[in-house]
Amino acid sequence: MGAGVGANTITVTDDTFADEVLNSDKPVLVDFWAEWCGPCRMVAPVLDEIAAVHKDAITVAKVNIDENPQVAQRYQILAIPNMSVFKGGELVKSIVGAKPKAALLADLAEWIG
């Protein structure tokens with residue numbers, strides 16, 4: 001497991017993105033990150049905590065943009081961390097930059113109730 005991946009998150013690749021994210025029955029928060037990104041490492045434990053507490057409402061997935069450039073390119077990920085919410089196969093929200101837990105929970109309130 002890399003520095004950005006937690007026990008409660010799933011790792012998604014270019015090959016598994018459609019199955020794990022676009023075809024998911026529930027909303028998926030995709031964290032686009034990289035090993036070299038300091039803010040990504042800061043937000044990773046917060047996302048893992050959100051994944052654990054709200055696992056019934058939302059899946060938290062991690063995409064390493066260095067290892068999976070196709071997905072990052074398809075969704076025009078130009079800055080990381082970038083947390084994108086997908087629902088029903090559609091991108092419905094993007095959150096760019098590291099934020100404190102309270103701000104992330106507020107941004108995700110629509111999907112985690």
Side-chain angles (χ1 to χ4, degrees):
M1 260 194 290
V5 180
N8 298 297
T9 59
I10 63 171
T11 299
V12 176
T13 65
D14 285 339
D15 294 335
T16 63
F17 190 84
D19 285 341
E20 299 275 0
V21 177
L22 301 180
N23 296 332
S24 176
D25 293 339
K26 60 183 174 180
V28 181
L29 172 66
V30 179
D31 177 26
F32 292 95
W33 70 286
E35 290 281 351
W36 49 262
C37 170
C40 297
R41 288 195 300 273
M42 289 184 339
V43 80
V46 174
L47 293 176
D48 192 53
E49 205 175 303
I50 291 170
V53 173
H54 300 284
K55 64 181 174 279
D56 293 336
I58 195 166
T59 299
V60 179
K62 310 281 284 184
V63 174
N64 182 319
I65 64 165
D66 290 335
E67 296 170 1
N68 302 283
Q70 293 172 354
V71 172
Q73 190 173 21
R74 183 179 318 136
Y75 292 100
Q76 300 177 344
I77 305 303
L78 303 175
I80 56 174
N82 182 314
M83 293 144 285
S84 298
V85 179
F86 290 82
K87 184 174 182 185
E90 298 292 322
L91 174 63
V92 294
K93 184 170 186 84
S94 288
I95 305 163
V96 179
K99 290 187 173 188
K101 183 179 176 184
L104 283 173
L105 288 173
D107 284 339
L108 298 171
E110 181 178 340
W111 298 282
I112 60 177

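The chain is numbered in sequence order, starting from 1.
- Note that CD1 of Ile50 is 9.0 Å distant from CE of Met83, once rounded to the nearest 0.5 Å.
- Within the structure, side chain to side chain donor-acceptor pair (under 3.5 Å) contacts touching residues 102-113 (residues at least two apart or in different chains) are Lys99-Asp107.
- A distance-only check finds no donor-acceptor pair linking the side chain of Asp31 to the backbone of Pro81 [under 3.5 Å].
- Proximity of Lys62 to Leu47: side-chain heavy atoms (C-beta onward) are separated by under 4.5 Å at one or more points.
- Here the closest heavy-atom approach between residue Thr13 and residue Val71 is recorded as O-CG2, 4.4 Å.
- Heavy-atom minimum distance, Glu35 versus Arg41: O-NH1, 2.5 Å.
- Separation of atoms CG (Asn23) and CG (Asp25) is listed at 9.0 Å; rounding is to 0.5 Å.
- Proximity of a side-chain donor or acceptor of Asn82 to a complementary backbone N or O of Val96 within less than 3.5 Å is not detected.
- Rounded to the nearest 0.5 Å, atoms SG (Cys40) and CD1 (Ile80) are 4.0 Å apart.
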| message | What verdict does the side-chain contact (heavy atoms from CB on, under 4.5 Å) test give for Asn8 and Val60, after you've listed the backbone C-alpha separation in whole Å, the side-chain angles of each residue and the deciding distance to 0.1 Å? | response | CA-CA 8 Å; Asn8 298 297; Val60 179; over 6 Å; no
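- Of all heavy-atom pairs between Thr11 and Thr16, the closest is O-OG1, 4.5 Å.
- Looking at every heavy atom in both residues, Val12 comes nearest to Glu20 through CG2-CB, 3.9 Å.
- The hydrophobic cluster containing Trp33 does not contain Ile95, counting ILVMFWY residues as joined when their side-chain heavy atoms lie under 4.5 angstrom apart, directly or transitively.
- Here the CZ atom belonging to Phe32 is positioned 13.0 Å from the CG atom belonging to Asp66, to the nearest 0.5 angstrom.
- At least one donor-acceptor pair under 3.5 Å links the side chain of Asn68 to the backbone N or O of Asn64.
- Ring orientation note: the planes of Phe17 and Tyr75 are tilted relative to one another, at an angle of 30° to 60°.
- When hydrophobic clusters are built by joining Ile, Leu, Val, Met, Phe, Trp and Tyr residues whose side-chain heavy atoms come closer than 4.5 Å, directly or via intermediates, Val30 is not grouped with Val85.
- Distance check: Ile65 CD1 to Gln73 CD gives 11.5 Å after rounding to the nearest 0.5 Å.
- Side-chain atoms of Ile10 and Thr59, non-hydrogen and from C-beta on, do get closer than 4.5 Å to each other.
- The shortest heavy-atom contact between Ala57 and Ile112 is CB-CA, 4.0 Å.
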